[in-house]
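Heads up: the structure comes next, in structure tokens.
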Amino acid sequence: MMILETIGENAGTVWRLLNAAEVPLTIPELKQQAGLSDHDLYAAMGWLAREGKIFFAEKDGSTWVSLFPVNVYF
């Protein structure tokens, strides 16, 4: 069973990865870089989204995640 402390730690990991990224990351890229399970990644992203710290964009069937609202252009 996951506790809030673990979710918070994972949220910190996700935030640091996005902060260091120069471009938005797809969810599979973020999952691979964070080394988290689907469950742990989505809990962490939910935490950050609820705090208004991450944003999502949909493009060509992929979901992109960033710290700031951005338009994803290809």
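The basis for the numbers below is simple: all heavy atoms, side chains too, and nothing from hydrogens, waters or symmetry mates.
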Closest contact, heavy atoms only, I54 versus L67: CG2-CD2, 3.9 Å

Shortest non-hydrogen contact between K31 and L36, atoms and distance: CG-O, 3.3 Å

Value rounded to 0.5 Å, distance of CZ in F55 from CG in L48: 10.5 Å

H39 side, atom NE2; I7 side, atom CD1 - distance, nearest 0.5 Å: 7.0 Å

For Q32, all residues meeting side chain to side chain contact (heavy atoms under 4.5 Å, CB included), sequence neighbours excluded: none

W64 and E58, any side-chain heavy atoms less than 4.5 Å apart: no

Where at least one partner belongs to residues 44-54, residue pairs that pass side-chain hydrogen bond (donor to acceptor under 3.5 Å, both in side chains), sequence neighbours excluded: W47-E51, E51-K53

Please list every donor-acceptor pair under 3.5 Å in which a side-chain atom of residues 20-30 meets a protein atom from a residue at least two apart or in another chain.
from, atom 1, to, atom 2, distance (Å)
T26, OG1, E29, N, 3.2
T26, OG1, E29, OE1, 3.4
E29, OE1, T26, N, 2.8

Test item: T13 side-chain N/O and E9 main-chain N/O as donor-acceptor pair under 3.5 Å: yes

